[in-house]
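Taking it in order: structure first as structure tokens, then the write-up.
Everything numeric in this text was worked out from a predicted model, so none of it was measured. Every chain is numbered from 1 and lettered A, B, ... according to where its sequence line falls, protein lines coming before strand lines.
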2 protein chains.
Amino acid sequence: MRRGPGRPPSSHAQRAIRAAAARLFARHGYSGTSVRDIAAGAGVDPALVNRHFGSKEGLFLATMSVDEDFRGLVDGPLGELGRAILTRVVTRMDGPGGGVFAALVGALALPEVRAHLARSTDEHVVGPLARRLSGPDADLRARLVGAQLHGLLFSLHVSPDPELAQRPRAEVLDAYARALQALIDDPTA
Amino acid sequence: MRRGPGRPPSSHAQRAIRAAAARLFARHGYSGTSVRDIAAGAGVDPALVNRHFGSKEGLFLATMSVDEDFRGLVDGPLGELGRAILTRVVTRMDGPGGGVFAALVGALALPEVRAHLARSTDEHVVGPLARRLSGPDADLRARLVGAQLHGLLFSLHVSPDPELAQRPRAEVLDAYARALQALIDDPTA
DNA sequence: GTCTATACCTTGATAGAC
DNA sequence: GTCTATCAAGGTATAGAC
């Protein structure tokens, strides 16, 4: 939180609302969390939530982001990039990020949530990857890697496949990495 | 609709409610469609909806299913199965099925919706595919093909990537089919 | 500027009349 | 079998206290 002139200091209530919202949204989703629940969790009056964040949607957008989970995902040697991408993203998402991703998917009916997920994926994954790939259709292949990534996160955290979730992560990542690598490698080489 | 003894005939109102619900849920999602909207679209009283289908959730489950879109998806020669799966599912989902899938994902907060999507994927895709695959980890590889499938449908219909959606379908399917095939082929062969 | 109390509207659901 | 009346929950806006 930046303080200083030109920006009002965030009150204790604001921080408490943020913390309660981050916890409840990640755990129970957007529609499963009421503004009154968040206010109760933060120990403040329900009206304060909209006072500080404009609306329930505004608070959701202020607290739920996958930018930190996606940043830097496609750095590293191209030859083993599939495995590297999956190791990083799954490790991060096994923390609180998994709930954040699931909450975002559950709130995709909100246009701003759609925009956030699309922008974050483009900015941190598809864009940087497309610039690094060689061979034909680099942009298309990078976008499909993004689709694969969403597919695995979906099956682990949004609509969890129990059999998949219980297996040793290393086995799952090794197998899925082969599929990612099939799009990362130059098909003409 | 089957008629006959032992089964009460479905009234005109029931059919009208079904039709309106299928259209509105697929177009505006679960939370974006109110029971009153559906009743208005069907030209009936709002109370009739819950009278006939128990609840909004009951009506949703009675009208939104991907069984028809997923059935028979993994039939055909193993050597080109990746391409065949994608051609079939994308063709079907470019019709009304795309909206149905998106609506189901948007309603995954409901446990019964989760169960339906998991069961349908297992019954029509993962199960039959696992029984056909040779080589190690057949079950794991089949589950990951399911994850890939969800990933593409997600990027085409749930959180649509405009660049991906506008490209010629053949290009997209050819490239993604390589990634599916990497899990279908026996890795030790 | 920060917080509280309160009221309003939409929506899912139900009870009971006809 | 169908409709009217009504309730509870929840998102939102506003008036006013401190």
Below 3.5 Å, can you tabulate the donor-acceptor pairs from side chains in residues 34-45 of chain B to any protein atom, sequence neighbours excluded?
| unit_1 | atom_1 | unit_2 | atom_2 | d |
| --- | --- | --- | --- | --- |
| Ser34(B) | OG | Arg36(B) | N | 3.4 |
| Ser34(B) | OG | Asp37(B) | N | 2.9 |
| Ser34(B) | OG | Asp37(B) | OD1 | 3.4 |
| Ser34(B) | OG | Asp37(B) | OD2 | 3.2 |
| Asp37(B) | OD2 | Ser34(B) | N | 3.4 |
| Asp45(B) | OD1 | Ala47(B) | N | 2.9 |

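- There is no side-chain donor-acceptor pair under 3.5 Å between Ser159(B) and His150(A).
- Annotation: salt bridge (charged side-chain N to carboxylate O under 4.0 Å, His left out) contacts involving residues 89-116 of chain A, sequence neighbours excluded, comprise Asp94(A)-Arg169(A).
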Give me, pair by pair, the N or O atoms of the protein and of nucleotides 15-18 of chain C that are less than 3.5 Å apart, along with how far apart they are.
none

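- When the C1' atom of dG12(C) is taken as reference, atom CD1 of Ile17(B) falls 15 Å away, rounded to whole Å.
- With respect to Leu180(B), the side chain to side chain contact (heavy atoms under 4.5 Å, CB included) criterion is satisfied by exactly one of Leu144(B), Asp185(B), Val145(B), Leu152(B): Val145(B).
- Listed by chain and residue number, Arg167(A) satisfy the salt bridge (charged side-chain N to carboxylate O under 4.0 Å, His left out) test with Asp137(B) (two or more places apart in sequence, or in another chain).
- Nucleotide dT2(C) holds its P atom 12 Å from the CZ atom of Arg15(A), rounded to whole Å.
- The interatomic distance linking Asn50(A) (CG) with dC8(C) (C1') rounds to 14 Å, in whole Å.
- For His52(A), a side-chain nitrogen or oxygen approaches OP1 or OP2 of dC3(C) to under 4.0 Å.
- The nearest pair of heavy atoms linking Leu164(B) to Val172(B) is O-CG2, 4.0 Å.
- Minimum interatomic distance between Val158(B) and Ala102(B) (heavy atoms only, all atoms of both residues): CG2-CA, 3.9 Å.
- Salt-bridge formation is detected for the pair Arg143(A)/Asp139(A): a Lys NZ or Arg NE/NH1/NH2 atom is positioned less than 4.0 Å from an Asp or Glu carboxylate oxygen.
- The stretch residues 56-63 of chain B has no heavy atom under 4.0 angstrom from DNA chain D at all.
- Within a heavy-atom distance below 4.0 Å of DNA chain D, the residues of residues 22-41 of chain A found are Thr33(A), Ser34(A), Val35(A), Arg36(A).
- Atom CG in Asp45(A) sits about 13 Å away from atom C1' in dT14(D), given to the nearest Å.
- Rounded to an integer number of Å, the gap from Leu48(B) CG to dC3(D) C1' is 8 Å.
- An OP1 or OP2 oxygen of dG1(D) is reached within less than 4.0 angstrom by no side-chain nitrogen or oxygen of Ser11(B).
- Atom pair Phe53(A):CZ and dA13(D):C1' shows a separation of 18 Å (rounding to whole Å applied).
- Tracing side-chain contacts under 4.5 Å through hydrophobic residues (I, L, V, M, F, W, Y), one never reaches Phe70(B) starting from Val126(B); they form parts of separate clusters.
- Ring planes of Phe25(A) and Phe60(A): perpendicular class, angle over 60° (limits at 30 and 60°).
- When side chains are defined from C-beta on, Leu61(A) does not count as touching Phe53(A), because their heavy atoms never get closer than 4.5 Å.
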